[in-house]
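Written out below as structure tokens is the structure these notes cover.
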There are 2 protein chains.
Amino acid sequence: MQTFDEIVTLMSARGLRVTDQRKTLAKLFSEAIGYLSPKDVYDHMGKTYSGLSFDTVYRNLRVMEELGVLEQVMFEEGVKFKIHCRENDHHHHMICLGCGKTYPIKFCPMDQTNVPTDFKVIRHKFEVFGHCKACAEEEQVQGGE
Amino acid sequence: MQTFDEIVTLMSARGLRVTDQRKTLAKLFSEAIGYLSPKDVYDHMGKTYSGLSFDTVYRNLRVMEELGVLEQVMFEEGVKFKIHCRENDHHHHMICLGCGKTYPIKFCPMDQTNVPTDFKVIRHKFEVFGHCKACAEEEQVQGGE
DNA sequence: GTGTATGCAAAACATTTGCAGGATG
DNA sequence: CATCCTGCAAATGTTTTGCATACAC
């Protein structure tokens, strides 16, 4: 997790202007638990910053992705963003469908996968979805399936 | 891979009408090698069937997904479809970035993944992207990276 | 013939872009 | 005060929906 200050410093170092919108965005993602869709971001930011426009959200999401602060992932429901993982070693994620919180998986299935020699692997994706302890309990209380 | 005839029979059995558009769609997917986006489908079908509309493509993609004939997968570039895998046992895919052709991976990483007892796994995704023999050779000839 | 599927048009939604005014460094 | 960023509006792309007509059964 990168802190708000680190993000602001990085933006500044790259010659980008530190506007209120960007500060709000940096604060949101530095504190956010899971993945956020552009709409989530717009809604959350709207609370702090009224008169915000959607295009600024998109623009800044892209800026922060190019900065390396955010990472974009495609889910069934669409694009989502979160703070770029800091773990220096390769890893995957368990993702809670309730709160969106992620947990690292150190194990990489590529080590175990028998790839034919004539298939040139470029990238891979391994994600586990489910409910974390808190969200699983909540499900149970509500009698969800 | 399901054959054209099987798809048509299934549609008919479910009380769906076997229209030219649906036949063309069934033929396209029964012969298609990899994943197709709605636009791909529209373009391919347009060749056989002029005066086709986009909404019919979408409607029928959804119909055939509900039928269990097609499966939908979300990629970075958007939604794509392919014939539903027939393999009766659980498996994953290697997907060629060139031609979209898929190859089954029998190995499932979930067996090896150490999931904490308080995380309730619901589903998982494991995909390997790369180039198949033919597409890798083509890349090389063209001097691609 | 009856009812479903299609095509058209328009709506709904997501994302991008041009431009003038405003804020940042 | 020069430039970059923002907000507005409009454009673009994708997917959905309403409705009259056409087609499958």
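Chain letters run A, B, ... following the sequence lines, proteins first and then strands; every chain starts at 1. Nothing here was measured: the structure is a model prediction, and the numbers come from that model.
Following chains of ILVMFWY side-chain contacts shorter than 4.5 Å, one can reach Val63(A) starting from Leu52(A), so the two form part of one hydrophobic cluster. There is no path of hydrophobic side-chain contacts, each under 4.5 Å, that joins Val128(A) to Val73(B). The hydrophobic clustering, which links ILVMFWY residues whose side-chain heavy atoms are closer than 4.5 Å, places Val41(A) and Ile83(A) together.
Within 4.0 Å (heavy atoms only), Gly51(A) reaches sugar-phosphate atoms of the nucleic acid but no base atom. Among the heavy atoms of the strands lying under 4.0 Å from Tyr49(B) are primed sugar atoms or P, OP1, OP2 only; no base atom is included.
Side-chain nitrogen and oxygen atoms of Gln21(B) include at least one within less than 4.0 Å of the OP1 or OP2 phosphate oxygen of dG7(C). For the pair Ser53(B) and dT6(C), the criterion of a side-chain N or O lying under 4.0 Å from OP1 or OP2 is not met. A close approach under 4.0 Å does occur between a side-chain nitrogen or oxygen of Tyr58(A) and OP1 or OP2 of dT15(C).
Classification of the Phe54(A)-Tyr42(A) ring pair by plane angle, with boundaries at 30° and 60°, yields parallel.
When each of dG7(C), dT15(C), dT6(C) is scored by its nearest atom to the side-chain atoms of Asn60(B), the top-ranked nucleotide is dT6(C).
Proximity of the aromatic rings of Tyr35(B) and Phe81(B) is defined here by a centroid distance below 6.0 angstrom, and this criterion is not met. Aromatic ring centroids of His124(A) and His92(B) lie 6.0 Å or more apart.
Rounded to a whole Å, the CG atom of Leu61(B) is 13 Å from the C1' atom of dT16(D). Atom pair Glu65(A):CD and dT15(C):C1' shows a separation of 14 Å (rounding to whole Å applied). Nucleotide dG18(D) holds its C1' atom 20 Å from the CZ atom of Phe54(B), rounded to whole Å. Here the C1' atom of nucleotide dT6(C) and the CG atom of Leu52(B) are 9 Å apart, to the nearest Å. The separation between Tyr42(B) atom OH and dT15(D) atom C1' is 14 Å, rounded to whole Å. Here dC23(D) presents its C1' atom at 12 Å from CZ of Arg22(B), a figure rounded to the nearest Å. Counting to the nearest Å, the C1' atom of dG13(D) and the CG atom of Asp40(B) are 15 Å from each other. Taking atom CE of residue Met11(A) and atom P of nucleotide dC5(D), one finds them 10 Å apart after rounding to whole Å.
With 3.5 Å as the limit, one finds a donor-acceptor pair spanning the side chains of Thr3(A) and Glu6(A).
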The contact string for nucleotides 18-25 of chain C, one letter per nucleotide 5' to 3', using protein heavy atoms under 4.0 Å with B, S and - for base, sugar-phosphate only and none, comes out as B----BBS
